[in-house]
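Proteins come first, then strands; the chains are lettered A, B, ... in the order of their sequence lines, and each starts at number 1. None of these values were measured; they are calculated from a predicted model.
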Number of protein chains: 2
Amino acid sequence: MLGNVRGRKSSREKILDAAAELVAEIGAGRLTLDAVAERAGLSKGGLLYNFPSKDALLQAMIQRMIDQVSDAKESLRAQMAPGPNLEARLVATTLLNMCCGGKMQEVATGLMVASAENPRLLDPVRGVISATLEQVKANSDDLDAALLGWLAVEGLSNLEMHNLSPFSDQDRERIVQAINRLLTKGIAK
Amino acid sequence: MLGNVRGRKSSREKILDAAAELVAEIGAGRLTLDAVAERAGLSKGGLLYNFPSKDALLQAMIQRMIDQVSDAKESLRAQMAPGPNLEARLVATTLLNMCCGGKMQEVATGLMVASAENPRLLDPVRGVISATLEQVKANSDDLDAALLGWLAVEGLSNLEMHNLSPFSDQDRERIVQAINRLLTKGIAK
DNA sequence: ATTTATATACCGACTGGACGGTTTAGTTGC
DNA sequence: GCAACTAAACCGTCCAGTCGGTATATAAAT
């Protein structure tokens with residue numbers, strides 16, 4: 001099946017890149033097949049040859065996003081300072097990096113949007129989150145702190161995703177520090 | 001302008017109710033004027049007489065949501081137990097109540113979605129959040145804990161909004177307790 | 001070697017339906 | 001007589017998905 005030959009990047013990849021860019025630029029609500037095709041440098045027919053429906057394209061985008069996050073997490077694992085609540089700190093750091101770094105957050109927003117039109121699209125995400133919870137539960141010295149730290153990161157990234165964050169860079173830095181303190185020291189008795 | 005007469009619920013209210021229901025049922029991405037009009041029990045003409053455009057309707061929905069949250073918060077204020085980080089605890093409790101209670105969360109999701117098509121729609125929300133941050137900053141004994149508690153609540157509600165929460169009722173209860181402990185006791189030294 | 005067949009990857013005009021909004025002509029209740 | 005509609009046709013646009021066709025490569029048959 002994988003007829004991916006020669007040095008050239010596969011059309012699938014080009015299409016997924018184009019779609020991600022467009023989602024970041026105009027939002028998934030406005031994402032059209034024509035626009036994706038044009039950006040990817042092929043025709044709509046060619047696009048639909050690679051992804052038989054818009055839904056299939058969105059699914060592939062979500063899956064690729066999940067894989068990217070999971071890769072980032074695993075490559076971070078080696079460099080993490082040892083200490084308590086390791087798994088939660090790993091999750092937190094990964095999310096905080098991705099969120100403020102690239103345009104990941106805009107793409108993510110867009111896909112959330114898409115999910116509102118077809119909630120099934122988020123099924124794989126649900127799986128990842130459940131698995132993460134298992135991991136965190138199994139690898140935390142202070143579960144309360146681990147969960148709160150994780151949730152705080154979720155909260156912050158969500159605000160940033162929707163461009164709703166009221167925090168200055170200073171504020172954000174302070175919050176990140178506080179999250180790390182919470183994860184390493186725990187809640188006061 | 002406000003020709004709101006007699007005992008009958010104003011058309012505006014009926015329309016906003018219908019729209020909120022529909023958003024919760026099918027998502028804002030699929031919200032159509034025809035559907036809202038039918039659900040509200042009037043004609044499309046009547047709907048557009050009350051809200052001259054779909055955008056105006058969405059704006060009004062968001063404003064009403066903001067007002068509802070703000071009302072809930074103020075009516076809670078009287079009953080809050082005194083103690084540290086009062087404002088943050090107030091915000092947290094309000095959000096946690098609304099989130100698990102009604103279908104608020106689905107409506108909220110829907111409006112997030114709408115915002116992806118027209119980001120300006122969230123401007124008033126941005127305002128509320130900034131104001132909340134001011135209030136929290138001005139009324140917290142332990143700002144780090146206050147911010148983390150708030151963010152954790154945001155994170156939890158966001159997960160629940162998207163039906164992405166992996167937490168059991170037990171988990172959730174534990175988390176709510178932990179948030180309260182964080183807000184009253186602070187982060188460990 | 002040449003024809004024939006088959007598969008892959010793609011093009012792009014077109015269709016059909018959905019949807020926001022307009023318009024028009026009429027109705028009801030204060 | 002005006003505000004608040006109803007009812008229904010209509011317009012323009014957007015857009016997912018269809019479909020017949022094309023180019024290239026590889027393989028099979030003659």
For a quick check of understanding: with a heavy-atom distance under 4.0 Å over all strands, which category does Leu47(A) fall into, base, sugar-phosphate or nothing? nothing
Rounded interatomic separation in angstrom, taking OH from Tyr49(A) and P from dA23(D): 17 Å
Whole-Å distance separating the CG atom of Leu57(B) from the P atom of dC19(C): 15 Å
Side chain of Asn50(B), heavy atoms from C-beta onward: which of dG17(D), dG20(C), dC5(D) has the nearest atom to it? dC5(D)
Between the side chains of Gln177(A) and Glu173(A), does any donor sit under 3.5 Å from an acceptor? yes
Looking at Ser11(B), I'd like to know whether one of its side-chain N or O atoms comes within less than 4.0 Å of OP1 or OP2 on dC5(D). yes
Which residue lies more 5' along DNA chain C, comparing Ser43(A) with Asp34(A) via nearest heavy atoms: Ser43(A)
Mind running side chain to side chain contact (heavy atoms under 4.5 Å, CB included) on Phe51(B) and Leu16(B) for me, showing each step along the way? CA-CA 10 Å; Phe51(B) 299 94; Leu16(B) 290 174; 4.0 Å; yes
How close or far is atom P of dC15(D) from atom CG of Asp55(A), stated in whole angstroms? 17 Å
Separation of Ile15(B) atom CD1 from dC5(D) atom C1', in whole Å? 11 Å
Atom NZ of Lys54(B) and atom C1' of dT22(C): how far apart are they, to the nearest Å? 17 Å
Rounded to the nearest angstrom, tell me the gap between atom CG in Leu42(B) and atom P in dT6(D). 5 Å
Just checking, is any N or O donor in the side chain of Asp67(B) or Ser70(B) under 3.5 Å from an acceptor N or O on the other one? no
Here the distance between atom C1' of dC19(C) and atom CD of Glu38(B), to the nearest Å, is 15 Å
Taking atom types as modelled, find out whether Asn97(B) and Thr94(B) have a side-chain donor-acceptor pair closer than 3.5 angstrom. no
Give one of base, sugar-phosphate or nothing for Leu48(A), where a contact means two heavy atoms less than 4.0 Å apart. base
May I ask you to check whether Asp142(A) and Asn85(A) show a side-chain donor-acceptor distance below 3.5 Å? no
Starting from the 5' end of DNA chain D, give me the residue, Gly45(A) or Leu31(A), whose nearest nucleotide shows up first. Leu31(A)
Any Lys44(A) side-chain N or O less than 4.0 Å from OP1/OP2 of dG12(C): no
Distance in angstrom units between Arg30(B) CZ and dG20(C) P, rounded: 13 Å
